[in-house]
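The analysis underlying the following values was restricted to heavy atoms, covering all of them including side chains, and did not include hydrogens, waters or symmetry mates.
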Amino acid sequence: MMDRRRLLMSVAAGGALAAVGPVRALASTALTQAAPNAATTAFHALLDRIADEMLLSDPELLTMLGMDRGPKADARFKLSDRSQAKIDADKAKFVDAMKAVKAIDQGQLNAADQVYYDTLEFFGDTVMTGYDFPYGGGFSPSPYTVSQLGGAYQQIPDFLDSQHRIETADDAEAYLSRLSAFAAGMDAERARMQAEFSAGAVPPDFVIDRTLTQMGAITGTAAAESVMTTSLARRAAEKNLPGDWAARAEAILTKEVYPAIQRQADALKAVRPGATHDGGVWRLPDGEAYYRFGLKYYTTSSMTPDEVHQMGLEQVADISSRADALLKAQGLTQGSVGARIAALGKDPRFVYPNTDEAKDELIKELNAQMVAIQARMPEYFGRLPKSPCDIKRVPKAIEAGAPGGYYMPPALDGSRPGAYYINLRDTAEWPKWTLPTLTYHEAVPGHHFQIALQQEQPDTPLLMKVMGFSAYSEGWGLYAEQLADEIGAYENDPFGQIGYLQSLMFRAARLVVDSGLHHKRWSREQGIRYMVDTLGDQESSIATEVERYCVWPGQASSYKVGHTTWVRLREDAKKRLGGRFDIKGFHDAGLGLGGVPLTVLERTMNAWTPA
C-alpha cells in the first residue's frame with residue numbers, strides 16, 4: 001500500500017522508498033562485476049521470484065510503475081487487496097523468501113550483488129521484527145491502518161486521478177471497476193481497524209478527528225462534483241470516448257464508495273469517546289519496543305531514542321546560532337531566532353494572497369526556480385535524469401492533513417514524469433523565502449534526481465528498483481538543500497538562505513519531537529510548542545507535522561540522521577582523496593548505489609575512497 005510521503009512500495013516493500021539503482025555506476029574497482037557463478041545466478045533468480053510474487057501481483061504498484069499494459073493489462077481493473085488474509089499470505093511469502101536469501105552463499109557473490117544482498121537482508125530482518133506486534137498490520141511502522149495519512153480513502157482518489165491512465169474506452173471501464181473495488185478495500189480496512197482497536201491500538205483523539213474531517217470533505221462533496229467523477233469525465237472527453245462516464249462514476253460513488261467511507265467513519269466515531277489524547281506509541285502494548293523498531297526501520301541505524309533526542313538538541317542549537325547571524329545581518333535583532341523567523345514569515349512582502357490565482361503564480365515561481373538550478377547540475381553530476389519533473393498542488397480533498405510537500409516518482413516506462421506536490425491549503429504557511437529550499441529538496445537536485453536516476457539505470461533487478469530507505473532518500477533531500485547553498489543558489493537571496501537554515505533546523509527539531517513524543521512521553525501540545533518556539537512556523541502547519549509523527553513513529557528522525565551521514569561521508573572522502581576528490585564522482589557513486597541502508601552506504605562509499 002502507499003502513503004502520502006512518496007513511499008512508493010509494494011506489499012513486500014512496505015514503507016520502502018523507490019528506488020534502488022545499481023552499484024555499477026560506482027567508480028570503484030572494489031565493485032567491478034565478476035562473471036556470473038552459481039550463487040549469482042541463484043540470487044538473481046530469487047530476486048526475480050520475489051518481484052514476481054510480491055510486486056508484480058500488486059495492481060496499484062504496476063500502475064504506478066507504468067507496467068499495467070500488455071500481459072499485465074488486467075491489473076488496471078483491480079486495486080490492491082487490503083484484507084488481513086492477503087497481508088498474512090504476503091508475510092508468509094516474505095518469511096520464506098528471506099530464508100531463501102540467507103541460504104545464498106554471499107561470499108560467492110560479486111561486489112554489486114553483495115550490496116543488493118546486504119540491503120535485502122537488512123530490510124527483511126527489520127521488517128520481520130515488526131511481525132511480533134498485534135497492530136500495524138503492514139510492513140512499515142505505523143500502528144494504525146487508517147489515519148489522516150493512511151488508508152484507501154486518503155490514497156485512492158488521487159491515485160485514480162493522477163496514476164490511472166485513460167486512453168481508451170477499456171481504460172475508462174477499468175477506472176470504474178477500480179472505483180467499485182475502492183469500496184471493498186475500505187471495508188477490508190475497516191475489519192483490520194477494528195482488530196487493531198481490540199489489540200489496544202486506538203488512534204489518539206486528534207488523529208481520529210483529523211481523519212473524520214478529511215472523510216467528511218470527501219463525502220460532503222456531491223458525487224457529481226467529486227474529483228473521482230470529474231477526472232474520469234474530463235479525461236474521457238479529451239480522448240473523445242463515447243459513454244456516460246460521469247453518471248456511471250457518480251452512481252458508484254453514491255451507492256458504494258461514500259457508504260463505505262461512512263462505515264469507516266462510524267467505526268472511528270465508535271471508539272472516539274474512549275480515545276486518549278496521548279500521541280506517543282509508548283502507550284500501546286509493548287509500545288517502547290515498537291518505537292525502537294520504527295527508529296531502526298526508518299533511520300537504518302542502531303541509534304537509541306536518547307541518542308536521537310540529544311543529536312536533535314545539539315543540531316538545533318548549532319543551526320539556530322547560524323540563523324541568528326543571518327537574521328542580525330538583515331537588521332532582525334530582537335527576540336529569539338524563532339520569534340524573528342515568525343515575524344519574517346508574516347511580513348507582507350513575503351506572503352502570497354490565499355487565492356487560487358496567487359497559488360497559480362506560486363507554482364510558476366517554483367518552476368522557474370527548478371529551471372534555474374537545473375542549469376547548474378552538469379557541473380556537479382555526471383549523470384542527469386531523463387525524466388522531467390512536474391510541480392503540482394496537493395489535491396484539495398486531502399490537503400487538510402497532508403504533509404507540506406512530497407514527491408511521486410516517474411513511471412518506469414517513461415509514460416509519466418516525476419512530480420513534486422506542494423500543499424497550498426494556506427499560502428501563509430509558505431513565505432516566499434521558504435520555497436526555493438523546498439524545490440531543491442523535492443525536485444532538483446533532491447528526490448527527483450535521486451529516484452529518477454535510479455529508475456533509469458539499466459540492468460538492475462526490478463525488486464531493487466522499488467526498494468529503498470527513508471534515511472538514504474530523505475538524507476539526500478537535505479544534502480541537496482545544502483548543495484544548493486554551497487553552489488551559490490542563495491548568493492543574492494539572504495532571506496532564501498535563512499529559509500534554508502530554517503529547513504535544516506526544522507529537521508533537527510524533528511529529532512527532538514519524534515523522540516520526545518514516543519520515548520519521553522511528550523504531549524502533542526508540548527511537541528507543537530517546542531517546534532513553534534524553535535522555528536517560528538505557523539502553528540497550523542506544525543500541528544499537522546506533529547500529528548504526522550504520531551502515526552509514523554521514527555520516520556521524522558530519518559531526515560537528519562541521513563543528512564548527517566551523507567555530509568560526513570563526503571567530508572571523509574575529501575580527507576582521503578585530497579586533490580583527487582571529484583564532486584561528480586562522489587554524487588554519481590552515492591546515487592548509483594540506490595536506496596540502501598546507511599550502514600551499506602557507509603561501507604560502500606568507504607570502499608570508493610580507500611585510505
Side-chain angles (χ1 to χ4, degrees), residues 1-3 7-17 20 43 46-55 57-58 61 80-106 114-145 150 192 195-196 199 201 281 284-305 461 463-464 466-472 518 552-555 557-558 595-600:
M1 321 307 182
M2 299 159 289
D3 64 40
L7 299 186
L8 171 61
M9 57 184 127
S10 67
V11 175
L17 292 158
V20 172
F43 183 54
L46 177 58
L47 293 178
D48 291 343
R49 191 193 94 195
I50 295 172
D52 186 60
E53 291 181 353
M54 306 188 75
L55 305 186
S57 63
D58 187 296
L61 183 65
S80 305
D81 185 344
R82 287 169 163 77
S83 69
Q84 187 62 48
K86 179 64 163 61
I87 289 175
D88 290 342
D90 282 338
K91 285 182 177 179
K93 288 180 181 178
F94 192 68
V95 170
D96 287 344
M98 291 312 302
K99 288 179 181 177
V101 168
K102 291 180 182 294
I104 299 288
D105 184 354
Q106 185 182 7
Q114 286 191 21
V115 170
Y116 296 157
Y117 184 101
D118 288 343
T119 297
L120 187 56
E121 182 179 49
F122 178 94
F123 178 70
D125 289 347
T126 306
V127 163
M128 287 189 290
T129 301
Y131 292 174
D132 296 335
F133 300 96
Y135 45 82
F139 283 75
S140 59
S142 180
Y144 317 117
T145 292
R192 289 167 48 203
E196 288 170 349
V281 295
L284 303 180
D286 209 12
E288 293 182 358
Y290 194 79
Y291 181 52
R292 291 193 296 272
F293 160 55
L295 273 184
K296 182 177 181 182
Y297 182 95
Y298 283 121
T299 70
T300 63
S301 77
S302 59
M303 292 185 71
T304 67
L463 178 64
M464 308 310 293
V466 299
M467 196 169 80
F469 299 85
S470 186
Y472 175 97
H518 298 295
W552 290 344
Q555 199 269 343
S557 293
S558 64
V596 296
L598 295 181
T599 50
V600 177

Spatial distance of atom OH (Tyr298) from atom OG1 (Thr126) [nearest 0.5 Å]: 12.0 Å
Could you check Asp48 against Asp52 for side chain to side chain contact (heavy atoms under 4.5 Å, CB included), going step by step and ending with a plain yes or no? CA-CA 6 Å; Asp48 291 343; Asp52 186 60; over 6 Å; no
Value rounded to 0.5 Å, distance of CE in Met98 from CD in Glu121: 6.5 Å
Looking at Ala199 and Pro285, what are the two nearest heavy atoms and their distance? O-CG, 3.3 Å
Ser558 and Tyr297: side chain to side chain contact (heavy atoms under 4.5 Å, CB included), yes or no, with the steps? CA-CA 9 Å; Ser558 64; Tyr297 182 95; over 6 Å; no
Kindly compute the distance separating NZ (Lys86) from OG (Ser80), expressed to the nearest 0.5 Å. 7.5 Å
Can you check whether Arg82's main-chain N or O pairs, donor with acceptor, with Arg192's side chain at less than 3.5 Å? yes
Contacts of Ser301 that satisfy side chain to side chain donor-acceptor pair (under 3.5 Å) - sequence neighbours left out: Thr299
Considering residues at least two apart in sequence or located in another chain, which fulfil the ring-ring contact (aromatic ring centres under 6.0 Å, His included) criterion with Tyr290? Phe133, Tyr135, Phe293
Determine the minimum heavy-atom distance between Pro143 and Leu284, stating which atoms define it. CB-CD1, 3.7 Å
Taking all heavy atoms of Tyr472 and all of Val596, pick out the closest pair and write down the distance. CB-O, 3.3 Å
Run the side chain to side chain contact (heavy atoms under 4.5 Å, CB included) check on Phe94 and Asp90 step by step: do they pass? CA-CA 6 Å; Phe94 192 68; Asp90 282 338; over 6 Å; no
Under the side chain to side chain donor-acceptor pair (under 3.5 Å) rule, collect the residues that match up with Asp96, sequence neighbours excluded. none
Just jot down the side chain to side chain donor-acceptor pair (under 3.5 Å) partners of Thr300, sequence neighbours excluded, or say none. none
I'd like to check the side-chain contact (heavy atoms from CB on, under 4.5 Å) partners of Glu53; sequence neighbours left out, ordered by chain and number. Arg49, Lys93
Set of residues satisfying salt bridge (charged side-chain N to carboxylate O under 4.0 Å, His left out) with respect to Asp286, sequence neighbours excluded: none
Shortest non-hydrogen contact from His518 to Val281? ND1-N, 2.9 Å
Can a donor-acceptor pair be found between the side chains of Asp88 and Gln84 at a distance below 3.5 Å? yes
Using side chain to side chain contact (heavy atoms under 4.5 Å, CB included), reason through Leu295 and Met303 one step at a time and then give a plain yes or no. CA-CA 8 Å; Leu295 273 184; Met303 292 185 71; 5.9 Å; no
Which residues satisfy the salt bridge (charged side-chain N to carboxylate O under 4.0 Å, His left out) test with Glu196, sequence neighbours excluded? none
Say you draw a straight line from CG of Asp118 to CD of Gln106; how long is it, rounded to the nearest 0.5 Å? 4.5 Å
Could you list all the salt bridge (Lys or Arg N to Asp or Glu O under 4.0 Å) pairs where at least one residue sits in residues 287-297, not counting sequence neighbours? Glu288-Arg521
Side chain to side chain donor-acceptor pair (under 3.5 Å) involving Asp125 - partner list, sequence neighbours excluded: Lys102
To the nearest 0.5 Å, tell me how far Ile104 CD1 sits from Tyr117 OH. 7.5 Å
Once the angle between the rings of Phe469 and Phe122 is folded into 0 to 90°, is it parallel (under 30°), tilted (30 to 60°) or perpendicular (over 60°)? perpendicular
So OH of Tyr291 and OG1 of Thr304: to nearest 0.5 Å the spacing works out to 9.5 Å
Should Ser557 and Pro305 count as side-chain neighbours, where that means a heavy-atom distance under 4.5 Å? no
